[in-house]
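Structure first, commentary second.
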Amino acid sequence: MNEIPTRFNFNVIEPQWCQYWEDHKVFHGHAAPEKKPYSIVIPPPNVTGILHMGHALNNTLQDILIRYKRMRGFETCWMPGTDHAGIATQNVVERQLAKEGKTRYDIGREQMLQRLWAWKDQYGGTIINQLKKLGSSCDWDRTRFTMDADYSEAVKEVFVRLYDKGLIYRGKHIINWCPRCQTALSDEEAEHREQQGALYYIRYPLKGRPGTHLTVATTRPETMLGDTGVAVHPDDERYKNFIGQKVVLPILQREIPVVADAFVNPAFGTGAVKVTPAHDPNDFAMGTRHHLDPINILHPNGVLNENAGDFAGLDRFEAREAIIETLKELKLLEKVESHTHAVGHCYRCHTVVEPYLSQQWFVKMAPLAQPALQAVLDGKITFTPDRWTKVYLNWMENIRDWCISRQIWWGHRIPVWYCQNCKEGENIIVAKTEPKICPRCQSSQLVQEEDVLDTWFSSWLWPFATFGWPPQKGNDREGKDNEETLRYFYPTNALFTASEIIFFWVARMIMAGLEFMGEIPFSDVYIHGTVRDAQGRKMSKSLGNAIDPLEIIKEYGADALRFSLIINSGQDLYISKEKFEIGRNFANKIWNASRLILTHIPEHQRQPECWMTMTPGQLDLPSRWIISRFYSTLDEISKAIETFRFSEAESLLYEFFWRNFCDWYLEINKTNFSDPVISSIVFFLMEQSIHLTHPFMPFVTEEIHSQIKKEAGPLAVQSWPESRREWISQDAEKDMQILIDIITQLRNIKAQWQIKPGQAIDCILASEDPKQLTLLKTNAAVIQAAIKINTLTFSQEFPNVKGQATGLVDKTTFSVPLSGIIDVQEEKKQIVQQLQDIQKFITNLSQRLGSGAFIQKAPADVVQKERERLIDFQNKKQELEKLLNSLD
RNA sequence: GGGCGCAUAGCUCAGCUGGUUAGAGCGCUGCCCUCACAUGGCAGAGGUCGAAGGUUCGAGUCCUUCUGUGCCCACCA
């Protein structure tokens, strides 16, 4: 009989789970009864990715929702895939090369791309497999990659369309430059971090006035080599006389003008600013206004170039030290103040980025942002939690142009060719396919742009490019026309992501969706928290505080990982290893409850009709109660999932299954399985609970389901339980609560007076309320199933037995004769304490009800409720006094 | 400099539009290896809801200020 192991251990049956996805090719296009689409936009992980807790949380949330919708009969689509992650992937392969002592320039673009593709082919599936282990029920055979051939077509299409619309331009601007990755970055890709730095005060001698100087303050003294001016505020009295004069740039001895510009803040530093147009965006703007030429002093790798004079060849930070030394020697360093400021870092390699003047491609964002802003204002797209709406709107309102060119090789090469024969500025040809000749001069000397596009320039097309946009005559996987499938699932329904992705991706997808599809890409954006360690630090490889989800899966099981993560996910999650015990224990409870039921209830007793054809009145109280609990829990869980309150849904499930079903219903009835009605209810609730649990814990539930009804196919495509309000009964829940309270108090008496669990007691239950007395009598068996009792007697009057332990529940008093065992004084003390507590409530309530303001202003039903409560308390007080007197 | 969160039991958090005696998990204490589960069962202890004002018949819940704490954005060098 006992062939089922006592532990649900993921590892024991892991081989089966490897088979899981093969067996369960059910996650799309199954016979969805409603034929209504429901789709989720997955944040495609980096192809270099390795599953971390953030992925686990993100994907579990999505999986709960998609499994729920699938069970509700929707035709679901959850398209998985990976992002080519330009810089990240190239970095990985460059590190490989470095081990061979080579750089990408040594092997050239062609070979480098070959190696990149080879790497992708070998390791690109890692994260996908890991998501499978987590249980993500994606449409796996739709798996996409942002550099798939047709996806690349979409990227080119978008570039050409935006260019033709005048929304893409090329220009020389200050951008964020990563000297390690040697590429431009967008503003979002430069992470600003507060840093303790220094403010250096440097003297710039005035030309022709020996002994006088102007002092400027800077945090990056090495950039002085690129200075072409000094600016002061036009109204600054201190410097009025200097405007129009020249200062001599120390070290390089370049003569540069002093200009007046309202941008300068007189209160900061000395009120005089060095102007370095090539290395600071503000300075660039000022330089343009005052015709100060930019001088670039840096090589792309952060080493100073020939414009740096003697400092050429030094790294930028070495140069900083060297220049400070030199200025000290020249007695031109006035002072150094410590200064905290935000410094930009490359989001891929964490190197300090440089503001750098260079020729790049940009997208003009304001026209795209306008409709995206409006869609959210109009409520077509909602953020959960709501506060992120503001963050989104604020960014959209202050949007800046997007630098989309990257000086790397891994990515979509910009579809631009330059004619060698035409004039600079007129030589640009933008086309989806390589042009043979220049349309202007017919020359065939064309050279393609070297740069590739920002990875996010492909990611922002994900919700529609994955379906093969723009639609082509080619068929999609199901033999349908691309466009049909695209239009069926687009706009999608939900997007789950972390807050740091709102700007990178969410906002841009909304813009792209509206621009190219003419419709929002999704209606609900759910922003989840960040997974942190127990100390609240972000989990990261470099900190070494990361908990590996795969290790948790091995040790606790994927269900445990999923359940524990979600139940802990209010805002940010503070996770330590022990946190996963809750999920493991719950999975174990489910497993063992099913084991009990499956081994004790034979198949012929599993028919739900046995009880479902009955009326509530024909069932005993515990059954009415547990059925009521089940159906109200069902409704609450459905509602919680629909409103994105996932951790609440899990709490409800936990409470019902463990605290109600296992602790009470099974405990009361586990010796009654021969009763056909009881066994039919037990089995039904077990089976339906497995359905309810499935979105949260797919593995254990799928396994149990296969033991029950393998022939019905996977649980993943069974139906969500049907709501049945008519079985929800407040009365049943209230009456059962009385029984539960009595049993608990009786057990408490036993525990308090150290009566062994196996030892029986006598008990007299008394109530003057005939209805309650009937309730007790009818359910005597329930009480006796829960606690060992010799003789259980009922009475209208409270008995006065010497040496009794007593108690009061609702309108019932009870007495347990324990003469010689209990301490009467202690017993009295407890009742006196209860009386005191009740007196407090009575005083409070009488006061409230005595106040005219309350009676007048509070709603009638509240007043009525309070009146009833007062009477209740007064009755209780009387009963307790009776108990107290009986002890004398 | 702007914006957004959070502060409730020893720990981690629930508490949705203000209305019974503020809940859960972990941890803790005591008793149980009872034939599904010790990854278990039973019982219990533990909170003046960060501080001070205010609105209200009524505040953990709304408003103001403060304190502590975390995050995001920003071109003051």
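Here is how names work: the chains are called A, B, and so on, in the same order as the sequence lines, proteins then strands, and each is numbered from 1.
As a whole-Å value, the separation of E194(A) CD from rC72(B) P is 11 Å. When rounded to the nearest whole Å, the span between NE2 of H339(A) and P of rG1(B) equals 13 Å. Rounding to whole angstrom units, CD of residue E188(A) and C1' of rA74(B) are separated by 13 Å. Q847(A) places its CD atom 13 Å from the C1' atom of rC57(B), with the value rounded to the nearest Å. If you take CG of L573(A) and P of rC26(B), they are 18 Å apart, rounded to a whole angstrom. Here the P atom of nucleotide rA77(B) and the CD1 atom of I202(A) are 15 Å apart, to the nearest Å. The separation between F854(A) atom CZ and rG19(B) atom P is 13 Å, rounded to whole Å. Per the geometry, CH2 belonging to W658(A) stands 5 Å off P belonging to rG40(B), to the nearest Å.
Counting any heavy atom pair closer than 4.0 Å across all strands shown, V391(A) reaches no nucleic acid atom. Here Y574(A) lies in heavy-atom contact (under 4.0 Å) with sugar-phosphate atoms only. Within 4.0 Å (heavy atoms only), P355(A) reaches no atom of the nucleic acid at all. Within 4.0 Å (heavy atoms only), K589(A) reaches at least one base atom of the nucleic acid. Nucleic acid contact class of K750(A) (heavy atoms, under 4.0 Å, all strands): none. At the heavy-atom level, D663(A) lies under 4.0 Å from the strands shown only through sugar-phosphate atoms. As judged by a 4.0 angstrom heavy-atom cut-off over every strand, F263(A) is placed among the base-contacting residues. In this structure, K788(A) reaches neither bases nor backbone, as no heavy-atom distance under 4.0 Å exists between it and the strands shown. At a threshold of 4.0 angstrom between heavy atoms, the contacts of K840(A) with the nucleic acid are absent. Contact annotation for T219(A): backbone-only contact, meaning every heavy-atom pair under 4.0 Å involves sugar-phosphate atoms and none involves a base. Across all strands, R193(A) comes closer than 4.0 Å to no nucleic acid atom at all (heavy-atom distances). If you check every strand for non-hydrogen atoms under 4.0 Å, R220(A) touches nothing. Among the protein residues, V863(A) comes within range of no part of the nucleic acid, since none of its heavy atoms lies under 4.0 Å from any strand. Note on K670(A): a base of the nucleic acid sits closer than 4.0 angstrom, heavy atoms only.
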*Report the C-alpha separation of R220(A) and E354(A) in whole Å, then their side-chain angles, then the decisive distance to 0.1 Å, and conclude whether the salt bridge (Lys or Arg N to Asp or Glu O under 4.0 Å) test is met.*
CA-CA 10 Å; R220(A) 293 183 299 152; E354(A) 285 295 321; 3.2 Å; yes

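As rounded to the nearest Å, rG19(B) and rU61(B) have C1' atoms that lie 11 Å from one another. Across the C1' atoms, rU56(B) and rC66(B) are found 23 Å apart, a figure rounded to whole Å. The gap from the P atom of rC28(B) to that of rC71(B) amounts to 31 Å, rounded to the nearest Å. Comparing rG68(B) with rG27(B), their P atoms are spaced 35 Å from each other, to the whole Å. Separation of the P atoms belonging to rA24(B) and rA14(B) is 16 Å when rounded to the nearest angstrom. Separating the P atom of rU67(B) from that of rC57(B) is a span of 32 Å, rounded to the nearest Å. Comparing the same atom, P, in rG60(B) and in rA51(B) gives a spacing of 11 Å after rounding to whole Å. Taking atom P on both rA45(B) and rU8(B), the two are 23 Å apart, rounded to the nearest angstrom.
Take the nearest nucleotide of RNA chain B for Q752(A) and for P859(A): the residue whose nucleotide is more 5' is P859(A). In this structure, R659(A) and N748(A) both approach RNA chain B, and ranking their closest nucleotides by distance from the 5' end singles out R659(A).
An OP1 or OP2 oxygen of rA36(B) is reached within less than 4.0 angstrom by no side-chain nitrogen or oxygen of S594(A). Between rC73(B) and H192(A), no contact under 4.0 Å exists linking OP1 or OP2 to a side-chain N or O. Put simply, K390(A) has a side-chain N or O that comes within less than 4.0 Å of OP1 or OP2 on rC4(B). A close approach under 4.0 Å does occur between a side-chain nitrogen or oxygen of K756(A) and OP1 or OP2 of rC32(B). Dashed line: the shortest gap from a side-chain N or O of R387(A) to OP1 or OP2 of rG5(B) is not under 4.0 Å.
Classified by interplanar angle (parallel below 30°, tilted 30° to 60°, perpendicular above 60°), the ring pair Y654(A)/W658(A) is tilted. The aromatic rings of Y356(A) and H279(A) lie tilted to each other, with the angle between the two planes from 30° to 60°. The aromatic rings of F383(A) and Y392(A) are tilted relative to each other, their planes meeting at an angle between 30° and 60°. Taking the six-membered ring for Trp and thresholds of 30 and 60 degrees, F580(A) and Y556(A) have ring planes inclined between 30 and 60 degrees apart.
Base pairing analysis places rA43(B) opposite rU29(B); the two distances defining the Watson-Crick or G-U wobble pair are each below 3.5 Å. With a 3.5 Å ceiling on both atom-pair distances, the Watson-Crick or G-U wobble partner of rC62(B) is rG54(B). Pairing for rU20(B) is absent, judged as Watson-Crick or G-U wobble with the two contacts each under 3.5 Å. Figure legend. rC6(B) is base-paired to rG68(B); pairs are counted as Watson-Crick or G-U wobble with both atom distances under 3.5 Å.
Between the side chain of E667(A) and the base of rA36(B) there is at least one donor-acceptor pair of N/O atoms closer than 3.5 Å.
Ring to ring, F586(A) and F696(A) are not that close: their centroids are 6.0 angstrom or more apart.
Closest contact between the side chain of T744(A) and the listed nucleotides rC37(B), rA43(B), rC57(B) involves rA43(B). Relative to the side chain of K857(A), the nucleotides rC57(B), rG25(B), rC73(B) differ in distance, and rC57(B) lies closest.
Using a distance-only test at 3.5 Å, with no hydrogens or angles considered, no donor-acceptor pair links the side chain of E334(A) to the main chain of Y201(A).
D872(A) CG to L845(A) CG: the interatomic distance, rounded to the nearest 0.5 Å, is 10.0 Å.
A cation-pi arrangement, defined by a distance under 6.0 Å to the six-membered ring centre and an angle within 45 degrees of its axis, is absent between R629(A) and W664(A).
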